[in-house]
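Let me begin by presenting the structure, written as structure tokens, before commenting on it.
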Amino acid sequence: MTSDISIRREDGVAVVTPAGEMDAVTSPALAEALDEVLGDTPKGVVVNLAKVGFCDSRCIGVLVAAFRQARDLDVGFIVTEPQQQVNRLFVIAGIDQVIPIGAGTGDAVSELGG
């Protein structure tokens, strides 16, 4: 199980894009990437999950922890474009009631960067 994570910055917003499977083995790398971008205190953080085909409870824990850290820093945090299977897990787990889930990464960047 592998994952790649890219980070780019646009209008003061960090866009974190993991690709592959996010599980107990790969989620620590996502946590590290999110810690890194939140350490720079951006205007916002967008986590684009369009390329993530699988996400387990460890990944959800990483996202919730990063969301709370962002909230404490007064930094916006939006997860965007989850694939159907990942989105279904978010709904079942109630994560969609905690973390904002956006349909488009570009819209989320505009919302947080504006």
Side-chain angles (χ1 to χ4, degrees):
M1 294 185 210
T2 62
S3 175
D4 292 314
I5 300 170
S6 67
I7 300 170
R8 66 179 170 86
R9 287 166 176 76
E10 184 178 330
D11 297 329
V13 175
V15 179
V16 179
T17 306
E21 298 181 348
M22 299 308 306
D23 56 23
V25 174
T26 57
S27 289
L30 178 60
E32 188 176 304
L34 290 169
D35 281 345
E36 177 186 321
V37 298
L38 285 167
D40 294 339
T41 317
K43 288 183 185 177
V45 175
V46 175
V47 182
N48 178 350
L49 296 181
K51 297 178 180 177
V52 174
F54 175 81
C55 174
D56 72 1
S57 61
R58 179 72 186 261
C59 173
I60 288 175
V62 166
L63 292 172
V64 170
F67 172 76
R68 289 180 176 154
Q69 183 181 357
R71 182 191 59 204
D72 292 348
L73 294 169
D74 200 27
V75 171
F77 189 95
I78 300 175
V79 171
T80 61
E81 303 181 43
Q83 291 186 21
Q84 185 176 2
Q85 179 182 354
V86 173
N87 191 59
R88 184 168 182 255
L89 177 63
F90 287 174
V91 171
I92 290 169
I95 299 306
D96 62 324
Q97 302 299 311
V98 178
I99 300 173
I101 310 288
T105 300
D107 291 343
V109 169
S110 296
E111 180 181 332
L112 295 175

D35 and Q69: side chain to side chain contact (heavy atoms under 4.5 Å, CB included), yes or no, with the steps? CA-CA 9 Å; D35 281 345; Q69 183 181 357; 3.1 Å; yes
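Put simply, the side chain of P18 reaches to within 4.5 Å of the side chain of I5, judged on heavy atoms. Looking at R9 and D40, their side chains come closer than 4.5 Å, going by heavy atoms from C-beta outward.
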Would you list the atom pairs, donor with acceptor, under 3.5 Å between side chains in residues 74-91 and any protein atom, with sequence neighbours excluded?
{"unit_1": "T80", "atom_1": "OG1", "unit_2": "T105", "atom_2": "OG1", "d": "2.8"}
{"unit_1": "E81", "atom_1": "OE2", "unit_2": "T105", "atom_2": "N", "d": "3.0"}
{"unit_1": "E81", "atom_1": "OE2", "unit_2": "T105", "atom_2": "OG1", "d": "2.7"}
{"unit_1": "Q83", "atom_1": "NE2", "unit_2": "A50", "atom_2": "O", "d": "2.8"}

All N/O donor-acceptor pairs, side-chain side in residues 27-34, below 3.5 Å, sequence neighbours left out:
{"unit_1": "S27", "atom_1": "OG", "unit_2": "D23", "atom_2": "O", "d": "2.8"}
{"unit_1": "S27", "atom_1": "OG", "unit_2": "C59", "atom_2": "N", "d": "3.3"}

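Here the CD1-CD1 distance, from I60 to I92, works out to 9.5 Å after rounding to the nearest 0.5 Å.
Closest of all the heavy-atom pairs between G12 and P42 is O-CB, 3.4 Å. Across all their heavy atoms, V46 and A108 have their closest contact at CG2-CB, 3.8 Å.
Under a hydrophobic clustering in which Ile, Leu, Val, Met, Phe, Trp and Tyr are joined whenever their side-chain heavy atoms come within less than 4.5 Å, directly or via other members, I99 and V15 fall into different clusters. Under the 4.5 Å side-chain heavy-atom criterion for Ile, Leu, Val, Met, Phe, Trp and Tyr, V62 and V37 are members of the same hydrophobic cluster. V13 and I101 are assigned to two separate hydrophobic clusters, defined by single-linkage of ILVMFWY side chains at heavy-atom distances under 4.5 Å. Side-chain heavy atoms closer than 4.5 Å link hydrophobic residues (I, L, V, M, F, W, Y) into clusters, and following such links, possibly through other members, connects V52 to V16. In the hydrophobic clustering of this structure, L73 does not group with V109; members are Ile, Leu, Val, Met, Phe, Trp, Tyr whose side-chain heavy atoms approach within less than 4.5 Å, directly or through other members.
In the displayed structure, R68 atom CZ is contacted under 6.0 Å by at most 12 heavy atoms of other residues, nucleotides or ligands.
Applying the salt bridge (Lys or Arg N to Asp or Glu O under 4.0 Å) test to every pair with at least one member in residues 48-59, sequence neighbours left out, gives no pairs at all.
Of the possible donor and acceptor atoms, one in the side chain of K43 sits under 3.5 Å from a partner among the backbone N and O of G113.
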